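Notes for the one structure printed next.
Labels below follow one simple rule: chain letters A, B, ... track the order of the sequence lines, proteins then strands, and each chain is numbered from 1. Computed from a prediction, not measured in an experiment: that's the story for all the values here. Atoms considered below: every heavy atom in the structure, side chains included; atoms not considered: hydrogens, waters and symmetry mates.
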Amino acid sequence: MMDKQQTQEFIAKRVALELNDGDLVNLGIGLPTLVANFVPEDREVYFQSENGFIGLGPVPAEDAVDPCIVNAGAMPVTILPGGSFFDSGMSFGIIRGGHVDTTVLGALQVAENGDIANYMIPGKMVPGMGGAMDLLSGAKKVIVAMEHTAKGNHKLLKECTLPLTAINAVDMIITEMGVIEVTPVGFVLIEQNPDFSIDEIKAATGAELIISESLKPMV
Amino acid sequence: MMDKQQTQEFIAKRVALELNDGDLVNLGIGLPTLVANFVPEDREVYFQSENGFIGLGPVPAEDAVDPCIVNAGAMPVTILPGGSFFDSGMSFGIIRGGHVDTTVLGALQVAENGDIANYMIPGKMVPGMGGAMDLLSGAKKVIVAMEHTAKGNHKLLKECTLPLTAINAVDMIITEMGVIEVTPVGFVLIEQNPDFSIDEIKAATGAELIISESLKPMV
Amino acid sequence: MNKLISMEEAVNLVRDGDTVMVGGFLGVGTPERLIDALIEKGVKDLTLICNDTAFVDRGVGKMVVAKMFKKIMTSHIGTNKETGRQMLEGETEVELIPQGTLVEQIRAGGYGLGGVLTKTGLGTEVEKGKLTINIDGQTYLLEKPIRANVALLFAERADEKGNLTFHGATRNFNTYMGTAADISIVEAQEIVKVGEINPDDVVVPGIFVTHIIDGGAL
Amino acid sequence: MNKLISMEEAVNLVRDGDTVMVGGFLGVGTPERLIDALIEKGVKDLTLICNDTAFVDRGVGKMVVAKMFKKIMTSHIGTNKETGRQMLEGETEVELIPQGTLVEQIRAGGYGLGGVLTKTGLGTEVEKGKLTINIDGQTYLLEKPIRANVALLFAERADEKGNLTFHGATRNFNTYMGTAADISIVEAQEIVKVGEINPDDVVVPGIFVTHIIDGGAL
């Protein structure tokens with residue numbers, strides 16, 4: 001049994017395999033941020049930070065922090081050689097114009113038609129959508145990276161019950177249990193973490209889960 | 001009697017008096033370009049060139065020509081200290097967003113309601129509107145600077161007969177005969193070149209010409 | 001045409017009830033000293049337009065804590081618990097706007113466009129009460145232009161004409177807010193003579209900057 | 001991921017019938033050597049999207065003379081008599097578009113917007129056959145996004161990742177055309193190593209540049 005950190009890293013590692021050489025990628029806050037640590041060495045992936053740059057690099061040493069170079073969560077980062085800074089107009093032109101190949105986001109709920117809810121719980125937690133609605137409508141491929149359930153409650157559902165962040169937006173969901181494609185016929189499990197049985201994964205999913213004929217083990 | 005060049009300079013000189021200290025101004029090709037030579041010394045006026053800069057300066061010496069610094073007519077110019085280069089997106093944001101205080105343009109025809117035709121004669125001369133439609137819709141004040149008639153034909157009309165460049169756009173017309181405001185009640189002569197009689201100016205105008213009660217001599 | 005003004009002159013340009021745009025992304029690229037001076041003066045009933053409400057001790061977040069806003073138009077309030085509290089308790093009206101839509105609305109306000117046609121927000125709460133338009137078989141949401149009375153901006157360098165340059169991720173909304181406000185006040189880390197910024201390097205032309213204040217180093 | 005290609009490889013990326021966007025304003029900021037190579041190859045039936053048609057011996061004007069276009073979308077043809085002749089004699093279709101509208105349409109095509117809402121062109125020939133929309137009592141013309149197969153661009157400097165910088169009035173349409181084309185080819189006066197352009201100084205990020213060719217000095 002993996003602890004929270006191990007689970008998150010296991011998911012992030014699998015997400016990283018979805019990124020192709022030359023891709024422009026935007027990672028959400030939290031678990032998705034970890035994906036940058038696991039990009040295969042034979043691939044060059046460019047990370048965009050929606051606060052205004054491409055070429056997001058590793059966290060700097062404490063004495064090398066530049067207060068003007070932070071990620072979209074305001075944490076100090078670096079910019080790699082070949083990177084560029086720009087304003088929010090261009091940053092969201094990149095996002096909304098379909099120039100981001102893949103975005104990786106967390107979610108509160110995902111529906112079998114690709115609807116996603118991840119920006120508010122009415123009357124309780126209302127952080128706002130930030131750039132998430134733009135990323136969901138603009139990125140070529142949307143991957144949701146998250147734990148399969150929340151304290152035992154379903155997050156993969158027939159229909160979302162929380163306010164939507166976008167409709168028909170999610171292409172793939174990667175959890176500690178498996179890799180699920182969101183298709184016109186619903187959720188299709190294409191990879192299974194062998195630590196979980198099909199029945200366990202089905203039970204943890206609040207909608208029909210179709211098992212791919214070419215189901216593979218999740219690496 | 002002024003020759004062509006004297007007439008144009010007389011008009012340009014009067015137009016220059018309409019420019020205020022600190023104004024951002026866009027000058028069209030031809031006669032309007034001359035206006036830059038007559039700005040009163042006590043006023044600092046900024047000239048925009050719609051091909052992408054503010055701070056249009058004088059023509060350079062032949063051995064100091066930079067092929068990348070030209071005006072909107074592709075003639076070599078200079079940029080003044082404190083100027084800036086930008087792309088056409090920003091250039092027309094400046095124009096369409098109402099940030100140009102005054103534009104000075106030539107015209108084929110102007111109607112008493114402010115309609116203007118200056119970009120084509122169907123089947124004959126079709127240069128295209130370039131940035132003129134944007135300037136006419138966006139600039140805070142539109143001054144038409146032109147000779148009062150064309151080979152004896154009226155250019156100030158009740159209605160334009162040529163394809164319009166913009167509707168209700170012209171605020172003021174400055175010719176060798178006088179200064180005319182375009183008002184809700186039509187053309188109002190506010191300054192008269194004493195070389196022409198009121199009757200002469202009326203005869204050269206193809207629409208009703210109201211004489212201002214505070215008519216002044218044109219300087 | 002001297003654009004350089006004192007902090008005292010600057011704060012007097014912001015009046016109770018004004019709509020203010022403030023540059024910055026989680027406080028990065030925000031005119032902190034100008035904000036401190038406005039808090040000290042105690043302006044109130046402002047409408048804020050800003051990417052986010054930063055943190056309780058940073059950027060516009062400090063103004064939220066000082067209860068200077070009657071309304072906040074922003075994309076994100078999750079890093080400032082006081083904004084959430086004021087919203088949930090009905091003290092402050094909060095309108096949540098997608099980040100990319102917000103910057104385009106400001107650009108439209110400054111560039112004379114009639115609105116923004118976007119797919120962002122379709123099928124969500126953001127769509128409610130708004131017009132959708134079908135263009136060649138695709139549905140777009142019509143978002144309207146936004147303007148303000150005053151823009152409070154940050155830059156690395158300004159020359160005396162107000163031409164601005166930036167460093168790092170501080171541009172964010174600072175480039176467009178000055179186009180869409182009646183006046184703009186820029187707190188620059190450094191103010192240089194006219195001619196010291198190469199015209200090729202200018203990011204925001206001085207025509208979009210009404211006043212400059214000397215903010216000093218970060 | 002080497003973006004640097006030869007002139008021969010570049011011209012082979014442009015195919016008969018393609019829609020091409022070309023940077024430049026009366027030829028200033030136009031990739032002249034790439035144009036010469038395309039003329040030599042003899043590509044035909046192209047649709048041109050460009051600010052203007054320059055001069056008979058300069059910029060895209062040379063392509064007009066070589067009769068490479070079946071359609072031209074531009075704001076101005078007055079400096080190139082051959083364009084006017086081809087239009088009046090029905091050899092080439094010419095669509096005249098206001099300059100500010102054209103650049104916004106290209107930006108909309110590249111930035112995923114559904115269109116442009118503008119007052120420019122209202123009440124003129126430009127309005128014909130187009131939708132107008134009333135927004136809060138104001139009428140705006142709806143102009144649609146524009147995209148192309150290939151963008152042919154010019155820059156002062158490019159690094160190997162395609163990050164671009166510019167000098168003088170050469171930016172014009174070069175900054176947005178690469179966002180709205182399937183591929184973009186940039187003729188740079190100088191090509192430098194990655195890291196030689198400060199990230200603060202980049203005007204067009206390399207993600208909008210598919211290929212780079214070494215144009216040499218002007």
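- Looking at D:Asp52, there are no atoms closer than 4.5 Å to chain B (heavy atoms on both sides), in backbone or side chain.
- Within the 4.5 angstrom heavy-atom criterion, no atom of D:Leu102 approaches chain B.
- Using a 4.5 Å cut-off between non-hydrogen atoms, the part of residues 127-137 of chain B that approaches chain D consists of B:Pro127, B:Gly128, B:Met129, B:Gly130, B:Gly131, B:Met133, B:Asp134, B:Ser137.
- If you measure heavy-atom distances from D:Phe55 to chain B, the contacts under 4.5 Å come from the side chain alone.
- Only the side chain of D:Leu88 comes within contact range of chain B, with heavy atoms under 4.5 Å apart.
- In this structure, D:Glu91 places its CD atom where more than 12 heavy-atom neighbours from other residues, nucleotides or ligands lie under 6.0 Å away.
- Open room surrounds CD on B:Glu159; 12 or fewer heavy atoms of other groups in view lie less than 6.0 Å from it.
- Going from atom CG of D:Asn172 over to atom CD of B:Glu50 covers 11.5 Å, rounded to the nearest 0.5 Å.
- Within the model, atoms CZ of D:Phe173 and CG of B:Asn51 stand 11.0 Å from one another, a figure rounded to the nearest 0.5 Å.
- At a heavy-atom separation below 4.5 angstrom, chain B is approached by D:Val116, D:Thr118, D:Lys119, D:Thr120, D:Gly121, D:Leu122, D:Gly123, D:Thr124, D:Glu125, D:Val126 within residues 116-131 of chain D.
- Interface residue B:Ala72: backbone and side-chain heavy atoms are both found under 4.5 Å from chain D.
- Of the atoms belonging to D:Tyr176, it is side-chain heavy atoms, and not backbone ones, that fall under 4.5 Å from chain B.
- Contact check for D:Arg171 versus B:Met90: no side-chain heavy atoms found under the 4.5 Å cut-off.
- Within a 6.0 Å radius of CE in B:Met75, other residues, nucleotides and ligands contribute 12 heavy atoms or fewer.
- No more than 12 heavy atoms of other residues, nucleotides or ligands sit less than 6.0 Å from atom CD of B:Gln5.
- Side-chain contact between D:Glu104 and B:Phe92 is absent, with no heavy-atom pair separated by less than 4.5 Å.
- Proximity to chain D (any heavy atom under 4.5 Å) is shown, for B:Ser49, by neither the backbone nor the side chain.
- Using a 4.5 Å cut-off between heavy atoms, B:Tyr119 contacts chain D through its side chain alone, with no backbone atom that close.
- Of all the listed residues (D:Gly168, D:Gly27, D:Gly78, D:Gly29), the one sharing the greatest number of non-hydrogen pairs under 4.5 Å with chain B is D:Gly168.
- At a 4.5 Å heavy-atom cutoff, the contact between D:Thr101 and chain B is made by backbone and side-chain atoms alike.
- Residues B:Asp87 and D:Val103 form no side-chain contact, since every pair of their non-hydrogen atoms from C-beta on lies 4.5 Å or further apart.
- Residue contact with chain D, scored on non-hydrogen atoms closer than 4.5 Å, involves the backbone of B:Ala166 exclusively.
- The environment of B:Lys140 atom NZ is dense: over 12 non-hydrogen atoms of other residues, nucleotides or ligands sit within 6.0 angstrom.
- Put simply, of D:Ile106, D:Ile97, D:Val203, the one with the most heavy-atom pairs under 4.5 Å next to chain B is D:Ile97.
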